Amino acid sequence: MGTVSEVLARRGRRPVGPLYAVVRWGGALVFLAVVVALVVSLVWQSAPAFRHSGFGFIFSGTWNPDAGQFGAGVFIVDTLLTTGLALLIAIPVGIGTAAALTEFLPRRIAGPLATGIDLLAAVPSIVVGLWGLLVLVPIFERHVEPFLQKIPFLKSLFSGGDLGSGILLASVVLAVMCLPTMVALTRIAFQGVSVADREAALALGGTHWQVVRRAVIPGARSGIEAAVTLAMGRALGEAIAVALVIGGGVSLPHSLLGTGTTLGSAVVNFFSEAIGLQRSAVIGLVVVLLAFTTVANVVGQLFRQRANRTPTLSATDEELPEAERAVA
Amino acid sequence: MTIDAAPPRMDPSELLSPESIARRRAVVRQTSSLSLRRRRIVGNATRLACYVALVIALVPLVALIAYTIGRGAKGLSVAFFTQLPVPQGVPGGGVENAIVGTLIIVGIGALMAIPIGLAVALFLVERRGRLAAVIRFVADVMSGIPSIAIGVFAYALFVVPTGHYAGIIGSFALAVLMVPIVVRADEVAMRAVPDDLWDAALALGARPSRVARSVVLRSALPGLVTGNLLAIARAIGETAPLLFTIFGSQVLEGDPFHTMQAMPYLIYTDGTQADPHLQTIAWATALVLLVFILLLSIGARLFASFMTRNAR
């Protein structure tokens, strides 16, 4: 910590009470033990399925438990597809919203709007899923899908499918879920860009937009990257909301309106009924999902550390806890 | 606008002739005004695009809340809070068991997560070095772990060996979900305590445990309370960790070692039924859940601002 504690530590006379040491070390060790237990138990329980299917578990697209075929390929494709589409919606909308809130709208209007969007980040995914299932599915079925199928040139993307539920709707629901977090993190990154950078851009004769384009967005790049990767982690790992709206098909979707199954929704749909090797295979899906989200989160945290290190981005002491809270 | 590098093969006097000056002036005016106009158009178009993005972001979010209020309010009544579910097809009934179950499950989960999270945060604040860096990184990565994975983990760890579903297993799963959030929030709150305070207390001869208790925890209290309330708000709406652990129940259950009902679980099971009555119950439960979360979030913010105002 500070100087006194450092001196004491150097002289080897740091008086740590035994109970206190137990508390601190105990907490840290319990935490690490739980994390290790999580990884080990999931890997261990899924091992029979991996041994049974080998690399086919990841690369084969056939999921047929009755025939003993466990290939997660389709689920992986659907997971990446829905996450990619969700980000395709959430990134531009999120950056635009953050820009509108921090750069364009007067503070009087932007402040309450930003707080409102921050609060919406706390809406549980089951409520978003319920809304998707009971409200969006009928709307998609009756209005959105017939409309999309009339668009020339893009028709083939939206062929078939008149169910409402499917890949596209799942992507939209995921985008809605990611947006508040995306907006909150991007907004904080934008606010962290120094006034001097903006004034420099303005002084060179830049328009409002050029200030955003040339000064704010580059300055906030690490923050935006962190926001995108963390939103990606959330979209990859969401299970229940997706399970409610994606339709549950287990073959490759024929178009964006086709039904599908992501890694997460597969666990929701298959876990309860699965026994023996099949249960092991479903836990294997969790392991694959864990690998995906961990990569996304590690990359996201690295971006975030870089964003916090960049001097122009360092938030003031008062802002930092607020920023951290918004992430949580 | 490129500058022609070749020397002008013109008579200097012609360059300075009024027509020539006027011609050049016109070009300059035209290009600059064109560029200015273009910049204005691009600037306004993109600004408009940002406003459109704002609307696109707000419409579904507002619609989501509006639908939950609109459809949920229909199902609310006193009986909704004080009665148990009735068999399908029978009108009436409530979700008292789910509300009580959520409070018990989340309460026990918080009792598990908050002390551990606080201890880990203390560890991170006081120690520097590789282990602290590793723990911090693990906590950060853990905070993004899919909640369905935590649910399956809790199932594998407890339901399989004991052969029983129980509310407390759901509490454990929620605690695993909360600890990283609590660690992060607590560490940020305690880092905000100035080093001088630590040093002053240590210089007075206080033991580190005493410093932690009387100085750090006390001055970091507003941040700690806020962060922990937000962690609870996050956990209370989670369905996936409960999906394979609490099993659900139709009766009022106060014993966490038995199967229990919880609000998110009930939204999931009732919302997926075709029966409109059950769907209404799901909406109403979603509304109650949202109000709980809103109260926790707003309460956390109000508490933080209240405490910091009082401290000054």
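First the proteins, then the strands, lettered A, B, ... as listed; each starts at 1. Please read these numbers as outputs of a predicted model, since none were measured by experiment.
- Rounding to the nearest 0.5 Å places CD1 of B:Ile267 at 6.0 Å from CD1 of A:Ile126.
- Side chains of B:Tyr268 and A:Leu130 form no contact here, defined as non-hydrogen atoms less than 4.5 Å apart.
- For a residue to count as touching a neighbouring chain, one of its non-hydrogen atoms must lie under 4.5 Å from one of that chain's; by this rule B:Tyr67 touches chain A with the side chain only.
- For A:Ala239, the part lying near chain B is the side chain, with the backbone staying farther off; criterion is any non-hydrogen pair under 4.5 Å.
- Between A:Leu42 and B:Ala149, the closest heavy-atom pair is CD1-O, 4.1 Å.
- Looking at A:Val128, both its backbone and its side chain come within 4.5 Å of chain B, counting heavy atoms on both sides.
- Here the side chains of B:Leu64 and A:Val135 are not in contact, with every heavy-atom distance at 4.5 Å or above.
- Taking 4.5 Å as the limit, every side-chain heavy atom of A:Glu238 sits out of range of all side-chain heavy atoms of B:Ile148.
- Between atom CD1 of residue A:Ile240 and atom OG of residue B:Ser147 there is a gap of 7.0 Å, rounded to the nearest 0.5 Å.
- A distance of 7.0 Å separates CZ in A:Phe104 from OH in B:Tyr51, rounded to the nearest 0.5 Å.
- Between B:Phe244 and A:Phe271, the ring-plane angle classifies as tilted under the 30° and 60° cut-offs.
- No other option in A:Ile117, A:Val268, A:Leu179 has as many heavy-atom pairs under 4.5 Å with chain B as A:Val268.
- Heavy-atom distances place the side chain of A:Val286, and not its backbone, under 4.5 Å from chain B.
- Atom OG1 of B:Thr46 is separated from atom CH2 of A:Trp209 by 5.0 Å, given to the nearest 0.5 angstrom.
- Neither the backbone nor the side chain of B:Ala231 comes within contact range of chain A; no heavy atoms are under 4.5 Å apart.
- The two residues A:Gly27 and B:Ala119 come nearest to each other via the heavy atoms CA-CB, 3.7 Å.
- Residues A:Pro124 and B:Thr239 fail the side-chain proximity criterion, which asks for heavy atoms closer than 4.5 Å.
- For A:Thr97 (side chain) and B:Ala53 (main-chain N/O), a donor-acceptor pair under 3.5 Å exists by modelled atom type.
- Neither the backbone nor the side chain of A:Ala296 has a heavy atom closer than 4.5 Å to any heavy atom of chain B.
- For B:Ala49, no part sits under 4.5 Å from any heavy atom of chain A, backbone or side chain.
- Closest heavy-atom contact between B:Arg301 and A:Thr115: NH1-CG2, 4.2 Å.
- Across all non-hydrogen atoms, the minimal contact from A:Leu133 to B:Gly271 is CD2-O, 3.6 Å.
- Residues B:Phe153 and A:Val39 are not in side-chain contact: their nearest non-hydrogen atoms beyond the backbone lie 4.5 Å or more apart.
- Interface remark: B:Ala139 contributes backbone and side-chain atoms alike to the contact with chain A (heavy atom separation under 4.5 Å).
- Scanning for side chain to side chain contact (heavy atoms under 4.5 Å, CB included) contacts around A:Val35 gives A:Phe31, B:Val138, B:Met142, with sequence neighbours left out.
- Two residues are said to be in side-chain contact when any heavy atoms from C-beta on lie closer than 4.5 Å; A:Leu105 and B:Leu54 meet this criterion.
- A side-chain donor-acceptor contact under 3.5 Å links A:Asn297 to the backbone of B:Gly144.
- Using a 4.5 Å cut-off between heavy atoms, B:Thr68 contacts chain A through its side chain alone, with no backbone atom that close.
- Contact check for B:Val141 versus A:Thr294: side-chain heavy atoms found under the 4.5 Å cut-off.
- Proximity to chain B (any heavy atom under 4.5 Å) is restricted, for A:Arg279, to the side chain, taken from C-beta onward.
- Contact of B:Ile236 with chain A is not made at all, since no heavy-atom distance falls under 4.5 Å.
- Under the 4.5 Å side-chain criterion, counting only non-hydrogen atoms from C-beta, A:Val267 is not in contact with B:Leu243.
- For B:Leu296, no part lies under 4.5 angstrom from a heavy atom of chain A.
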